[in-house]
Amino acid sequence: MRRPRLRRSRRRRLRPWKRHRNHARRLEPVDPPVGILRRMNAVQDPVARVEAAVTVAVQTVGGDAASGINAALKPSAKPEFGDFQLNAAMALGKKLGRAPRDVAAELVDALMAAEHGLEDVIETPEIAGPGFLNIRLRPTALATALAGMDDDRLGIEPEPETHGVTIDVCGVNVAKQMHVGHLRSTVIGDTVARLFERVGRTVHRQNHLGDWGLPIAMTLHSLLARGIDFEALDLDTLNVAYRDAQLEARGDARGLDAAVANRCGPHRIAELEAQNESAGAAQAAARDALVRLQSGDEEMVAAWRRLIEVTMIEVYRACDLLGTRIAPDSERGESSFRDELAEVVDAFVRSELAVEDDGALVVRFDDRERPMLIRKRDGGFLYATTDLAALRYRVQELDSDEVIYVVDARQRDHFRDVFDACRKIGWATLPDGVESKLVHLGFGTVLGADKKPLKTRSGANFKLMDLLQAAVDRGVEAVTSRAEDPKAPTHGLPTAELEAIGRAVGIAAIKYADLSGDSARDYVFDLDRMIAFEGDTGPYLQYAHARLCSMLEKAGDDASADADFKIETPEERRLALLLLRYPETMKTAAASLEASRLCRFLYSVATEFSSFYSACPVLRAEDASIRAARIRLVRLTRDVLRDGLDTLGIGAPERM
RNA sequence: GCGCGCGUAGCUCAAUUGGAUAGAGCAUCGGCCUUCGAAGCCGAGGGUUGGGGGUUCGAGUCCCUCCGCGCGUGCCA
């Protein structure tokens, strides 16, 4: 059970380059086989041909000094600097002790050597500033490159990796409503899963339900004691029972100590004593209930199953509305590891990683004072114990070379402990020797306008469904009122259809706002801004997509023709160069677990398309070949936007 | 106390991991709809990147130091 624990907090961020260093490294073409593959690919793809030639040229000019030099082609900072830039000359110059501009000149010669055959692909690079190489693709090469990615996969080749990836998502607790704290785990977790799926990985979403232990037993006891009808049970009743059970069992030992110390009156002390006594009684009853549940008591087990069922109906209502692929096959709650906990502890004791301390069993680490507790003095297990069992299952049984926990950033220390312990005992190593990567993708808190964790006016947590409903209402309202305009493409659509579009718009607003920033940071939940439809929002992307669809619909059969691309105007060029970066953007976003990269990319596509749209007539283009070429560019843009939004888990209506 | 993290335009965020004049959106101001969807486009103003020092051809980014803020920190999850 992962309590989101919404407490006061403001800003928290891990530096991406620290957090994801391992991911970034994985992308670099360090192995010779990858280099060869790239060069084979290069036959078709002009950009890949240039990249391959650059690698060779840097080797040729740098010799031994070339190792460790970044020979990657980067998109130019500005259009004046060409399409791509190579910054290797400066670093190489430093290493060789030579003037960077001289090195740059040699790089140009090596790059344009006849053996690479690049004369038809790029113009002769220009040397700028301290030694930047500015590279410009010839228009025909650009057209060839675009055609190369215009297929079902949009240029994204599936990764050959056969191990799976496991992603811990959602983190719901049985008998409790989903609230804001679950939004991010669900949205970010599902999108990261989609990113991996999009690049061809096998993904296991795991919903680690808090469905076991004393809190659940307390709730069951409370419900049964009150003779609640389990058939008619709903989540609200359940929620109240959960809260009451917690309060009942809590007591106030600290208050009592304080009262005695402060010489409070006998009446106050007696009151607190009574409260503690009843708390003790409630705890004893809960323990008794837990024992019955653990021993398989029929009534208790049936009630427990019903508890989960009632909770999950609501969970899937939210997950479905959010458009996630989180379903019952993702469920693997704490209860499913209950029989492994003693053995997990034994394993740590046997390997002498766990030692007794003040009656408890702890695992110690060399580099930190705080130990990790895996068994309480009273013999009970802790969440770390369950997490260790679950982690072993995820690596070993689900065969994962990467396990990602999408959980509140404040649990960072906890996961560091669990991961290190898991590695120490050897459970992070797969049978084939591959070391599984264990990652905590910690996210920041959702704040209210007052910069404090988002709460209702009465101080309670916002129910997730209420939040979503508010966004959906706004979306439906906006779409409906716009459809009243006789000129609007949505004018006259049936109400049900307008509502479906409005729902997609409202949900897009919330999801995009959650995904488009650095996930580790807190953000302010401001529905007005999210749904403003202006600027960097989900609805803006949907709008661009709807316009593209609208043009293609008007183009009729011409939309499906594969005319040759013709890239001539600056707007066409900027859009084309951007689209070419789609495959790489997707791979980087997946490897770095940063959906925000894909968001930023899609936003650029939408704005570049808008500029192209106002500058370049498409359907009304006078020249037939230009018209056909632009229609195909529009189609490719639409496909990328649709595919990208789908990967984010955001719906893309054809009209809005 | 110790540990982890954060500080960029009035506000919300970027900056491709050390590259060119720190970029977007919102807000403000000025242009653009009888013509492919104006939920849009084009343009303007707005910055001592918390302060100081260092490393080098080059620092928002790396190192040191100070200031401010947040989170975590042994028997809850």
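As the structure is a computational prediction, the values presented were derived from the model and not from experiment. Chain identifiers are assigned alphabetically (A, B, ...) following the order of the sequence lines, protein sequences preceding nucleic acid strands; residue numbering begins at 1 within each chain.
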**Under-4.0 Å salt bridge between A/Asp413 and A/Arg368** = no
**Message:** Just to be sure I understand the rule, does A/Ala621 reach a base, reach only the sugar-phosphate, or reach nothing, if contact means heavy atoms closer than 4.0 Å?
**Reply:** nothing
**Message:** Quick check: on RNA chain B, is the nucleotide nearest A/Pro100 upstream (toward 5') of the one nearest A/Glu534, or the reverse? Name the residue that is more 5'.
**Reply:** A/Glu534
**Message:** Between the base of B/rU8 and the side chain of A/Arg521, is there a donor and acceptor pair under 3.5 angstrom?
**Reply:** no
**Request:** Using a 4.0 Å heavy-atom cut-off across all strands, classify A/Asn134 as base, sugar-phosphate, or nothing.
**Result:** base
**Prompt:** Is the base of B/rA39 touched by the side chain of A/Gln542 through a donor-acceptor pair closer than 3.5 angstrom?
**Reply:** no
**Message:** For a side-chain contact (heavy atoms from CB on, under 4.5 Å) check, start with the C-alpha distance between A/Leu361 and A/Leu373, then their side-chain angles and the critical distance, and finish with the verdict.
**Reply:** CA-CA 6 Å; A/Leu361 274 173; A/Leu373 271 76; over 6 Å; no
**Message:** Applying the 5.5 Å / 30° rule, does A/Phe81 stack onto the base of B/rA20?
**Reply:** yes
**Prompt:** To the nearest angstrom, how far is A/Phe612 atom CZ from B/rC42 atom P?
**Reply:** 14 Å
**Fill in**
Per the glycosidic torsion and the 90° limit around 0, nucleotide B/rC13 is anti
**Message:** Is the phosphate of B/rC76 approached by A/Lys376 (side-chain N or O, under 4.0 Å from OP1 or OP2)?
**Reply:** yes
**Request:** Using Watson-Crick or G-U wobble geometry with both distances below 3.5 Å, tell me the partner of B/rU55, or none.
**Result:** none
**Asked** Once you round to the nearest 0.5 Å, how far does CZ of A/Arg375 lie from OG1 of A/Thr385?
**Response** 9.5 Å
**Asked** Hey, does the side chain of A/Arg547 come within less than 4.0 Å of B/rA38's phosphate (OP1/OP2), counting only N and O?
**Response** yes
**Item:** Minimum-distance nucleotide to A/Asp518 side chain [options: B/rG37, B/rA14, B/rU35]
**Value:** B/rA14
**Request:** Sticking with atom C1', work out how far B/rA14 lies from B/rA22, rounded to a whole angstrom.
**Result:** 10 Å
**Prompt:** Roughly how many Å is it from CG in A/Asn87 to P in B/rU56, rounded to a whole number?
**Reply:** 20 Å
**Message:** If you assign A/Asp358 and A/Tyr603 each to the RNA chain B nucleotide with the nearest heavy atom, which residue ends up on the more 5' nucleotide?
**Reply:** A/Tyr603
**Prompt:** So does A/Lys452 get a side-chain nitrogen or oxygen closer than 4.0 Å to the phosphate oxygens (OP1/OP2) of B/rG70?
**Reply:** no
**Prompt:** For atom C1', what is the distance between B/rC63 and B/rA20, given to the nearest Å?
**Reply:** 25 Å
**Request:** Could you check whether A/Arg377 gets within reach of a base, just the sugar-phosphate, or nothing at all, counting any heavy atom under 4.0 Å?
**Result:** base
**Prompt:** Can a side chain N or O of A/Ser611 be found less than 4.0 Å away from OP1 or OP2 on B/rC41?
**Reply:** no
**is_close_aromatic(A/Tyr540, A/Tyr603), centroid dist under 6.0 Å** = yes
**Request:** Please state whether the base of B/rA24 and the side chain of A/Arg600 form at least one donor-acceptor pair under 3.5 Å?
**Result:** no
**Message:** I need the A/Asn461 CG to A/Met178 CE distance, nearest 0.5 Å.
**Reply:** 13.0 Å
**Message:** For the backbone of A/Phe81 and the side chain of A/Ser76, can you confirm whether one donor and one acceptor N or O come within less than 3.5 Å of each other?
**Reply:** yes
**Message:** Categorize A/Lys94 for me: base, sugar-phosphate, or nothing, with a 4.0 angstrom heavy-atom threshold over every strand shown.
**Reply:** base
**Asked** With a non-hydrogen cut-off below 4.0 angstrom, is A/Arg416 in contact with a base, only sugar-phosphate, or nothing?
**Response** nothing
**Aromatic ring proximity, centroids under 6.0 angstrom, A/Phe337 and A/Phe381** = no
**Asked** What nucleic acid atoms does A/Cys549 come within less than 4.0 Å of, heavy atoms only: base, sugar-phosphate, or nothing?
**Response** nothing
**Prompt:** Using a cut-off of 4.0 Å on non-hydrogen atoms, how would the nucleic acid contact of A/Glu369 be classed: base, sugar-phosphate, or nothing?
**Reply:** nothing
**Pairing partner of B/rA24 (Watson-Crick or G-U wobble, both distances under 3.5 Å)** = B/rU12
**Prompt:** B/rU17: syn or anti, with syn meaning chi within 90° of zero?
**Reply:** syn
**Message:** Using a heavy-atom cut-off of 4.0 Å across all strands, would you classify A/Tyr540 as base, sugar-phosphate, or nothing?
**Reply:** sugar-phosphate
**Watson-Crick/G-U partner (both atom distances under 3.5 Å) of B/rG30** = B/rC42
**Asked** Counting any heavy atom closer than 4.0 Å, what does A/Asp378 reach on the DNA or RNA strands: base, sugar-phosphate only, or nothing?
**Response** nothing
**Request:** Answer with base, sugar-phosphate or nothing: what part of the nucleic acid does A/Glu553 contact at a heavy-atom distance below 4.0 Å?
**Result:** nothing
**Prompt:** Tell me, do A/Ile631 and A/Leu619 make a side-chain contact under 4.5 Å, heavy atoms counted?
**Reply:** yes
**Message:** Please give the distance between the P atoms of B/rG10 and B/rG45 as a whole number of Å.
**Reply:** 16 Å
**Residues A/Lys451 and A/Asp522 bridged, charged N to O under 4.0 Å** = no
**Item:** B/rU12 OP1/OP2 closer than 4.0 Å to side-chain N/O of A/Lys451
**Value:** yes
**Message:** Quick check: any donor-acceptor pair below 3.5 Å linking the side-chain of A/Asp413 to the base of B/rG3?
**Reply:** no
**Request:** Looking only at side-chain atoms of A/Lys74, point me to the closest of B/rC36, B/rU17, B/rU12.
**Result:** B/rU17
**Prompt:** Among B/rG72, B/rU35, B/rA39, which nucleotide sits nearest the side chain of A/Phe533?
**Reply:** B/rA39
**Request:** Tell whether A/Ser610 reaches the base of B/rG40 with its side chain through a donor-acceptor pair below 3.5 angstrom.
**Result:** no
**Message:** Starting the side chain at C-beta, find the nucleotide from B/rG37, B/rU12, B/rA14 nearest to A/Arg655.
**Reply:** B/rG37
**Spacing of the C1' atoms in B/rG7 and B/rU61 (rounded, Å)** = 14 Å
**Request:** Using a 4.0 Å heavy-atom cut-off across all strands, classify A/Met656 as base, sugar-phosphate, or nothing.
**Result:** base
**Prompt:** With a 4.0 Å cut-off on heavy atoms, is A/Leu373 in touch with a base, just the backbone sugar-phosphate, or nothing at all?
**Reply:** base
**Request:** Using a 4.0 Å heavy-atom cut-off across all strands, classify A/Val362 as base, sugar-phosphate, or nothing.
**Result:** base
**Message:** Between B/rU35 and A/Arg620, counting only base atoms on the nucleotide and side-chain atoms on the residue, is there a donor-acceptor pair under 3.5 Å?
**Reply:** yes
**Message:** Counting the atoms with a prime plus P, OP1 and OP2 as sugar-phosphate, which does A/Tyr613 contact under 4.0 Å by heavy atoms, base, sugar-phosphate, or nothing?
**Reply:** base
